[in-house]
*Asks:* 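Here it is, the structure in full.
Just so you know, ligand 1 is whichever comes first in the structure, and atom 1 is the first atom listed for that ligand.
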Amino acid sequence: MDKIRIKGHFPAHPLKGKIRISGAKNATLPLMAASLLTNQPLKLTNCPRLADVFTLIELLKHHGATSTFNNNIITLHTPSIIDICAPYELVRKMRASVLVLGPILARVGKAEISLPGGCSIGARPVDLHLMAFEKMGAKIEIKQGYIHATAPDGGLQGAEITFPTVSVGATENVLMAATLAKGITTLNNASFEPEITDLAHCLVKMGAKIHGIGTSTLKITGVHHLSGAIHAIVPDRIETGSYAIAAALTGGEIELTHTSLDLLPTFKEALEATGTTLTPTKNGFIAKAPNGPILPVDITTEPYPGYPTDLQAQFMALMTRSNGVAKITETIFENRFMHIPELVRMNAKITQSGRTATVTGVEKLTAAEVMATDLRASVSMVMVALTAEGDSHLSRIYHLDRGYEDIENKLKGVGGDIERYKEYSSKDKEKVSINGFL
Ligand code: UD1
């Protein structure tokens, strides 16, 4: 099994240099799903090479897509949907697979998809997706762990849909389906994360009619068919924020290129309040650590434009080294604090009460063996390990590979001492001794 070793230093070795930010994972996945809406090719540039992207390629191929992926440019082409069913063995690998439901239902009139099940950060139901499709006239049945969705004769109908709570995935799924529905669909209390705005812009290039892009009310007038398009994927604001925090935590200075601070309004405010300087450049910005101590700052995660839940664990990593006490409140996912016990193993001082964690900054962190618990939590451990004295070893790094393109080389490029290695389990070692090979 792959692991990562991070050599940490106290005081930290400042990370210095440039990092090129990749295209956003959370924009790429819905954009790839949108390719199912048309029988023409969709070409996406700035596409990150991530495990989740390869998982979705596998699923799209199952539905009839062909794909080419060279130099961060992916082209997806589905002349016809050859299978309307997204099976459990593909969906269980990645929850975002549920995003094929809307496009297949809209294009073919029926779709079947395995229920994605819960995950470590929360139950994550898909009831809001299903409620919206029902409003558009679809009949929804759950049988043997599968969602069976059937559009009425004549296809999905436009409807007025008000989401009781904000959901990124439900907004994306229904937005895609509504582009091919009959009449007008209005989505109230929709998410307007930059990744959704990116999806909407791409859909418009494909011929969709969407008003209110970038706001919480989207009005979509259905069209008969969509065509292919070429679209550049928006920069990854979560990767951007993660490396900005790495600069702050290590006393360093990193120029982040091919990105924009405008994607992270609330994060920018919070990071600047810690004493970190963020200076815009021509195609990104420079993140420079505070001159004095890292100041404690409270954050509460909220839907966009609030503080992103996907940067909560990384901010907690930063607060482990502040010169005071910070409160971190998670309102999006009910179980997104699994990194706390791991960070505590590295000498961080953190207590949890319900949805709020209290982080008291410490003078010195120490290396430990830690375990990645989810995608964003795992990067918080890498950040802390860089400033914790000694060698830390991070296991279950497949979580990292799901969302951070080329993380070792990006960190090495700014002076991080980090390497990936294979550790054989005792069972593997037994096989070696019996068979003489691994
Ligand atoms: C997306 C992001 C994820 C991010 C999250 C919140 C992708 C691939 N993933 O996930 O990185 O952390 O947004 O910004 O883009 N909910 C329901 N019923 C539903 C749908 C959601 O109760 O039908 C709840 C969820 O359990 C969660 C909250 O709503 O508590 C927000 O979830 P949602 O915005 O849908 O997140 P995802 O789209 O799954």
Side-chain angles (χ1 to χ4, degrees), residues 23-34 48 50-53 55-56 59 91 93-102 113 115-135 140 142 147 149 161-176 187 189-200 216 233-234 236-239 241-242 263-264 266-267 300-315 329-339 355 373-380 399-400 402-404:
K25 169 182 90 76
N26 285 355
T28 304
L29 301 176
L31 284 165
M32 289 173 69
L50 296 169
D52 276 8
V53 170
T55 303
L56 189 53
L59 180 61
V91 175
K93 289 190 190 166
M94 187 183 63
R95 295 186 46 84
S97 306
V98 76
L99 292 173
V100 302
L101 176 58
I113 177 161
L115 274 166
C119 81
S120 56
I121 61 173
R124 301 181 85 177
V126 290
D127 55 318
L128 300 176
H129 305 230
L130 304 186
M131 169 280 282
F133 291 132
E134 276 180 334
K135 283 241 155 118
I140 306 282
I142 310 284
I147 301 162
I161 296 157
T162 301
F163 292 111
T165 55
V166 177
S167 162
V168 172
T171 302
E172 292 166 343
N173 223 343
V174 182
L175 167 63
M176 288 189 280
L187 303 182
N189 200 24
S191 292
F192 54 105
E193 262 71 0
E195 294 76 25
I196 292 176
T197 299
D198 199 39
L199 171 65
S216 60
I233 299 168
V234 70
D236 196 316
R237 63 195 167 104
I238 307 304
E239 190 196 23
S242 303
L263 297 167
L264 288 156
T266 315
F267 171 81
T300 299
T301 62
E302 279 165 353
Y304 188 82
Y307 189 95
T309 173
D310 285 351
L311 281 170
Q312 179 256 105
Q314 300 88 319
F315 202 82
T329 304
E330 172 60 53
T331 71
I332 309 288
F333 292 107
E334 64 273 23
N335 192 27
R336 205 171 200 181
F337 277 149
M338 286 163 311
H339 40 284
R355 290 195 161 206
T373 49
D374 73 63
L375 166 53
R376 307 303 172 184
S378 52
V379 87
S380 75
H399 286 298
L400 269 185
R402 290 189 43 217
Y404 286 89

*Asks:* Taking the inter-plane angle between the rings of F192 and Y304 on a 0 to 90° scale, is it parallel (under 30°), tilted (30 to 60°) or perpendicular (over 60°)?
*Replies:* perpendicular
*Asks:* For ligand 1, note which part of R336 has a heavy atom under 4.0 Å away: side chain, backbone, both or neither.
*Replies:* side chain
*Asks:* Any luck finding a side-chain donor-acceptor pair between T309 and E330 under 3.5 Å?
*Replies:* yes
*Asks:* Is H129 touching ligand 1 with its side chain, its backbone, both, or neither, if touching means heavy atoms under 4.0 Å apart?
*Replies:* both
*Asks:* Please say whether F333 places an N or O atom under 3.5 Å from an N or O atom belonging to ligand 1.
*Replies:*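 It does not: no N or O of F333 is found under 3.5 Å from an N or O of ligand 1.
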*Asks:* For L128 and A170, work out which heavy atoms get closest and say how close.
*Replies:* CB-CB, 4.0 Å
*Asks:* Measuring from the heavy atoms of A170, does anything fall under 4.0 Å of ligand 1?
*Replies:* no
*Asks:* Can a non-hydrogen atom of T309 be found less than 4.0 Å from any atom of ligand 1?
*Replies:*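 For ligand 1, residue contact (heavy atoms, under 4.0 Å) with T309 is present.
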*Asks:* What's the shortest heavy-atom distance between R124 and F333, and which atoms?
*Replies:* NE-CE2, 3.4 Å
*Asks:* Which atoms of ligand 1 are found less than 4.0 Å from any heavy atom of V126?
*Replies:* 19 (C), 23 (O)
*Asks:* So which of P30, P125, G169, S191 gets nearest to atom 20 (C) of ligand 1, if we judge by its closest heavy atom?
*Replies:* P125
*Asks:* Is the closest N or O pair between E334 and ligand 1 shorter than 3.5 Å?
*Replies:*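 No, no N or O pair falls under 3.5 Å.
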*Asks:* Using only atom types and a distance under 3.5 Å, with no angle test, would you say the side chain of N173 pairs donor to acceptor with the backbone of G102?
*Replies:*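 The answer is yes, because a donor-acceptor pair under 3.5 Å joins these two groups.
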*Asks:* Under 3.5 Å, N or O to N or O, is K25 touching ligand 1 that way?
*Replies:* no
*Asks:* What part of V168, side chain from CB on, backbone N/CA/C/O, both or neither, has a heavy atom under 4.0 Å from ligand 1?
*Replies:* both
*Asks:* What closest approach, in Å, do A149 and I140 show between heavy atoms, and which atom pair accounts for it?
*Replies:* CB-CD1, 3.7 Å
*Asks:* For D52, is there an ion pair with R95 - N to carboxylate O distance below 4.0 angstrom?
*Replies:*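 A salt bridge is absent here (no side-chain N lies under 4.0 Å from a carboxylate O).
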*Asks:* Below 3.5 Å, N or O to N or O, backbone or side chain included: is there any such pair between A96 and ligand 1?
*Replies:* no
*Asks:* For T171 and S191, indicate whether the former's side chain and the latter's backbone hold a donor-acceptor pair under 3.5 Å.
*Replies:* yes
*Asks:* Only heavy atoms of I332, strictly under 4.0 Å: list the atoms of ligand 1 that pass.
*Replies:* 27 (C), 28 (C), 30 (O), 31 (C)
*Asks:* Heavy-atom distance to atom 10 (O) of ligand 1: which of R95, R124, Q312 wins?
*Replies:*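 Minimum heavy-atom distance to atom 10 (O) of ligand 1 goes to R124.
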*Asks:* Output yes when E195 and R237 qualify as a salt bridge under the 4.0 Å nitrogen-oxygen rule, no when they do not.
*Replies:* yes
